[in-house]
A.B. asks: 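Just dropping this structure here.
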2 protein chains.
Amino acid sequence: MSDMRAAKATRTSFLDVRAAVLARIRARVWPPGALLPTEHDLAAEFGCARATVNRALRALSDEGVIDRKRKSGTRVRMVPVRKAKFEISVVRHLVEETNATYRYALVSRRAGPCPAWLAARLDLPGDHPMLHLRCMHYADNRPFQFEERWVNTEAVPAILTADLSVIGPNEWLLGAVPFTDAEIAMSAEAADAPLAEFLETAVGVPLFQLERITWLQGAPVTFVRMSHHPGYRMSTRY
Amino acid sequence: MSDMRAAKATRTSFLDVRAAVLARIRARVWPPGALLPTEHDLAAEFGCARATVNRALRALSDEGVIDRKRKSGTRVRMVPVRKAKFEISVVRHLVEETNATYRYALVSRRAGPCPAWLAARLDLPGDHPMLHLRCMHYADNRPFQFEERWVNTEAVPAILTADLSVIGPNEWLLGAVPFTDAEIAMSAEAADAPLAEFLETAVGVPLFQLERITWLQGAPVTFVRMSHHPGYRMSTRY
DNA sequence: GAGTGGTCTAGACCACCAG
DNA sequence: TGGTGGTCTAGACCACTCA
């Protein structure tokens, strides 16, 4: 034991392998497009099990650094695909992360048929029953986000009896209804008169808008459009 | 529960375990906050190795469905954290995905000291040498994106001799310089006079703007601000 | 202190696919 | 059709953390 080399003091972790491989890619030892040694060979070189190498390479593959194919082997990606992850969560958390006081208000609540433009978008019949909700979210009593939402009451009948005066529909839905698929879209839109009023700004001011549709096994659950206060920035590190 | 002999026809995959666990969470067998059985117990129940259960649960943990802690065990997340992934890649790919013809133009290129606001933002001295680039990206000859970029020429001296008239700085940098960290921010901004001219729109029109800073082991590499044509939507499914 | 997840090993079988 | 990655197993040790 005492004459063991320092390198073998710890068993080599998949993180070690990952770091070593990444270092060589960065150093252009394996330039973009190059073929890496096989898992077997790398395992031999690093003195670890193939499963360890496998996990390291799988991690790099998930990160978009390398591309793996059976038989052809592992190659360095020509253009690294870095994936930015956004945690789309609850507004309340967004606000509270800034150490601001969060406040929620239900603006309106009305059950009725699905509007035509939304029916087309969700691939629903035009008279499909929906619940239309409008809410405001405040940070330190300043407007933070205006939320306009339609909920498919056939998919989520329980929302008709839910008390949405205290807890927002976003949080209620997250806790009550799972979803299998979601689509989000971000854009810049000019404030119209109602938006300007709710967000206490002027008509025409650019607003960061986020739309989301969620489905539960093919059936649309809800559509929401979130319009943020002027100057809002959505950011992330990766 | 349903089939015993058929179930053993194939070895149980971690995907089977993942699906089964997810189904129970969705069915509220394990409601939000509930403690799941240990990996050992689940392995026994599913008739597989603990490593298989581990991989399944690790996947669910990565997806934000469950929360794992040593000793305390595995719990269902109160609020599922769904992570939307954006592949921040090259503009050219974005354009070509829409079956449009991509065109790139270098608008201006000037080496000089870092502007004060950027120096502050990047934590660089005010006179740090930078290369300032402005480019246009077109889709079917209609303005798609205006790119304004500063490159740290001390970190990337090679860019001073690179030919950026044909290939954009984005693609050039991706192929030439690795980065270890990045920060991106999205916002809605009103078009100013130059932007309106380049994007062929009116002053004040809301534009979807994306900023990114990249670092290589702590040293800032580049800052870029991409302003998109009016009506641009950035979307993803997850 | 003890229970739980985190990880590594050594070996094995399988699926896929380029030659 | 052989080589490569994908995965599972059975067992083991370790590290963190809660009681």
A.B. asks: Under the criterion side chain to side chain contact (heavy atoms under 4.5 Å, CB included), which of Leu22(A), Val21(A), Asp16(A) is the partner of Arg18(A)?
C.D. replies: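 Single side chain to side chain contact (heavy atoms under 4.5 Å, CB included) partner of Arg18(A) among Leu22(A), Val21(A), Asp16(A): Leu22(A).
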A.B. asks: Figure out the CG/P separation between Leu42(A) and dT9(C), and round it to whole Å.
C.D. replies: 14 Å
A.B. asks: When the distance from CG of Asn54(A) to P of dC14(C) is rounded to whole Å, what number comes out?
C.D. replies: 18 Å
A.B. asks: Roughly how many Å is it from CZ in Phe14(A) to C1' in dG6(C), rounded to a whole number?
C.D. replies: 9 Å
A.B. asks: dT9(C) P sits how many Å from Arg50(A) CZ, rounded?
C.D. replies: 13 Å
A.B. asks: Using a strict heavy-atom distance below 4.0 Å, which residues from residues 57-71 of chain A are in contact with DNA chain C?
C.D. replies: Arg70(A), Lys71(A)
A.B. asks: Using heavy-atom distances to pick each residue's nearest nucleotide on DNA chain C, tell me which of Thr52(A) and Ser72(A) is more 5'.
C.D. replies: Thr52(A)
A.B. asks: Any cation-pi pair here, Arg237(A) with Trp215(B), using under 6.0 Å and within 45°?
C.D. replies: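 The answer is yes, since Arg237(A) meets both limits relative to Trp215(B).
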A.B. asks: Give the rounded distance in Å between these two atoms: NE2 of His40(B) and C1' of dT9(D).
C.D. replies: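 Result: 15 Å.
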A.B. asks: Distance check: side-chain N/O of Thr74(B) vs OP1/OP2 of dG5(C), anything under 4.0 Å?
C.D. replies: yes
A.B. asks: For the ring pair Phe144(A) and Tyr138(A), is the centre-to-centre distance below 6.0 Å?
C.D. replies: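 Not under 6.0 Å, so no.
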A.B. asks: What integer distance in Å separates Glu39(A):CD from dT7(D):P?
C.D. replies: 10 Å
A.B. asks: Using a distance-only criterion (donor-acceptor N/O pair, under 3.5 Å, no hydrogens), is the base of dG6(D) paired with the side chain of Arg55(B)?
C.D. replies: no
A.B. asks: Go through it in stages, so that I can follow the logic: the residues are Arg24(B) and Glu45(B), the test is salt bridge (charged side-chain N to carboxylate O under 4.0 Å, His left out), and I'd like the CA-CA distance, side-chain angles, deciding distance and then a yes or no.
C.D. replies: CA-CA 14 Å; Arg24(B) 290 190 200 170; Glu45(B) 182 194 335; 2.5 Å; yes
A.B. asks: What is the separation between atom CG on Leu36(A) and atom P on dG5(D), rounded to the nearest whole Å?
C.D. replies: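 The distance from CG of Leu36(A) to P of dG5(D) comes to 9 Å, rounded to the nearest Å.
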A.B. asks: Which donor-acceptor pairs under 3.5 Å do side chains of residues 167-176 of chain B form with protein atoms, sequence neighbours excluded?
C.D. replies:
| unit_1 | atom_1 | unit_2 | atom_2 | d |
| --- | --- | --- | --- | --- |
| Glu171(B) | OE1 | Arg92(B) | NE | 3.3 |
| Glu171(B) | OE1 | Arg92(B) | NH2 | 2.8 |
| Glu171(B) | OE2 | Arg92(B) | NE | 3.0 |

A.B. asks: Nearest 0.5 Å, please: how far is OH in Tyr102(A) from NE2 in His137(A)?
C.D. replies: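 Answer for the NE2-OH pair, His137(A) versus Tyr102(A), is 4.5 Å.
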A.B. asks: Holding to side chain to side chain donor-acceptor pair (under 3.5 Å), I want the full list of residues that pass it with Asn141(A), two or more places apart in sequence or in another chain.
C.D. replies: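 Asn141(A) satisfies side chain to side chain donor-acceptor pair (under 3.5 Å) with Arg103(A) once adjacent residues are dropped.
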A.B. asks: I need the CG-P distance between Asp16(A) and dT9(C), as an integer number of Å.
C.D. replies: 10 Å
A.B. asks: Has Thr38(B) got a side-chain N or O lying under 4.0 Å from the OP1 or OP2 atom of dG3(C)?
C.D. replies: no
